[in-house]
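Hydrogens, waters and symmetry mates are skipped; everything else that's a heavy atom, side chains included, is used.
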Number of protein chains: 2
Amino acid sequence: MADHRETLASALRDQIIQGVYAPGQKLSEQTLARDLDTSRNTLREAFRVLSEQGLVDHVPNRGVSVAAPATADVVDIYRARRTIEGGVLAGASPLHPGVDRMREAVERARSAADESDWAVVGTANMAFHAAIVLLADSARLQKVHGQLLAELRLAFLALGDAHGLHAPFLSRNARILELMVGDGPKAAADELERYLIDSERAVLGAYARLGRD
Amino acid sequence: MADHRETLASALRDQIIQGVYAPGQKLSEQTLARDLDTSRNTLREAFRVLSEQGLVDHVPNRGVSVAAPATADVVDIYRARRTIEGGVLAGASPLHPGVDRMREAVERARSAADESDWAVVGTANMAFHAAIVLLADSARLQKVHGQLLAELRLAFLALGDAHGLHAPFLSRNARILELMVGDGPKAAADELERYLIDSERAVLGAYARLGRD
DNA sequence: AAACCCAAACTGTAGAACAATCGTTGCGCA
DNA sequence: TGCGCAACGATTGTTCTACAGTTTGGGTTT
């Protein structure tokens, strides 16, 4: 087992994002270390990374558990998304290569929707918004935004509903892209702002229906 | 030694930010563990946190060293700052309590400048921009922005010049605040954008003069 | 001077051990 | 029965030791 730690954190990250461990689930050091065939020390190092990324909650003396975003977290995440995605889009050029990535994501989402593959639709949806951030040419913004989306994915996992939360917004991504190319960044950013507000509302509504904190 | 790790990372963070360890300096696990009276394992956990925060560089099999932002990093950091600070300010209310924090920071910088305490001026300057982000009411944005400023502080440390990089911009913070209250968020955000462009230029200029990569 | 090789130093990882803390169980008492 | 409380067991926090794999620096050889 060579470069464990580097791999371990990202492997765990993928598993968490894909729902292998449910949001809120306790991650025992002993059990996980045994299952992942690694030592507690190495595992704990990976935990620090994931904790810093907001994917796991770490409570002193009580270990770590998969993050389970509360309503307040969802609100916070969407605030950050509006600032970052909105700011980037408003200040970007419609000629930036990242726009092609946006287009690709839209098409991927569309064809996945045709086949009713809602998991892929959700992934493509997020890829669209990640592509928006590409327009800023900032590695740091990309990283941060990726972490926001990862946290949000946990919220979706907790809701267990990919269809209802992504499908209605599919066409609006296309609309944003259309505005970006046709009417310029400002118009696109305005639509994005509305999109994010509505999306947030949908998630919060689902949370409320589930009676989450 | 009780709650070491939680404390350790933030203690190390403070030391790094205050220049106890020079940017680029190698941080030996053995040496540091001995000096800080902790174990290698615990220290390594702290390293993961700092690495994730961008304050130290971690190269596999070669250990960690204090981050030494290159020109490309400075550019990246300022891109992120323009997006975040600009986006927050443009969308904020002049009546938000955070505006008072901005005012306090301006006054602190002013009185420190009167006493030629440039270190405090620098800190107050950064506090002003941190206060801007407060206007978003987003813990995540605050955290990210704080990490950007911390990284930038390393750049300033590498340049070893607090006066030349902060003094010229002192009055412009006041101007931004004035515009925010008087002419509204949009005008303030426009001035902030210009401020950040000029500030970036100043840092990059100093980098070029020092012949840094 | 350049290429090569070797030994020392350091990092990466594992594992055992023990203290500190938390949760729970079960007992005693009202 | 119900409540408080103490002891127990399990888990985390931290340290230490050990060793394999890499890097580094120096010396040797060509």
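- In secondary-structure terms, DNA chain D builds stems of at least 3 consecutive Watson-Crick or G-U pairs, each pair having both distances under 3.5 Å, at C:1-30 with D:1-30.
- Remark: A:P94 engages A:M180, A:P185 in a side-chain contact (heavy atoms from CB on, under 4.5 Å) (not counting sequence neighbours).
- With sequence neighbours excluded, the residues that form a salt bridge (Lys or Arg N to Asp or Glu O under 4.0 Å) with A:R82 are A:E200.
- With hydrogens and angles left out, the side chain of B:R62 and the base of C:dG12 share no donor-acceptor pair within 3.5 Å.
- For the salt bridge (Lys or Arg N to Asp or Glu O under 4.0 Å) test, residues two or more places apart in sequence or in another chain that qualify with B:D76 are A:R140.
- In this structure, B:T38 reaches the D:dT15 phosphate: one of its side-chain N or O atoms is under 4.0 Å from OP1 or OP2.
- Between D:dT11, D:dG13, D:dA18, one nucleotide has an atom nearer to the side chain of A:E29 than all others, and that is D:dG13.
- Residues in residues 17-32 of chain A take part in these salt bridge (charged side-chain N to carboxylate O under 4.0 Å, His left out) pairs, two or more places apart or across chains: A:E29-A:R40, A:E29-A:R44.
- Within 4.0 Å of B:N61, counting heavy atoms only, lie sugar-phosphate atoms of the nucleic acid but no base atom.
- For the pair A:V64 and A:N41, nearest-nucleotide mapping onto DNA chain D gives the more 5' position to A:V64.
- Remark: A:E104 pairs with A:R101 by the salt bridge (Lys or Arg N to Asp or Glu O under 4.0 Å) rule, at least two apart or across chains.
- Taking NE2 from B:H58 and CG from B:N61, the interatomic distance works out to 8.5 Å, rounded to the nearest 0.5 Å.
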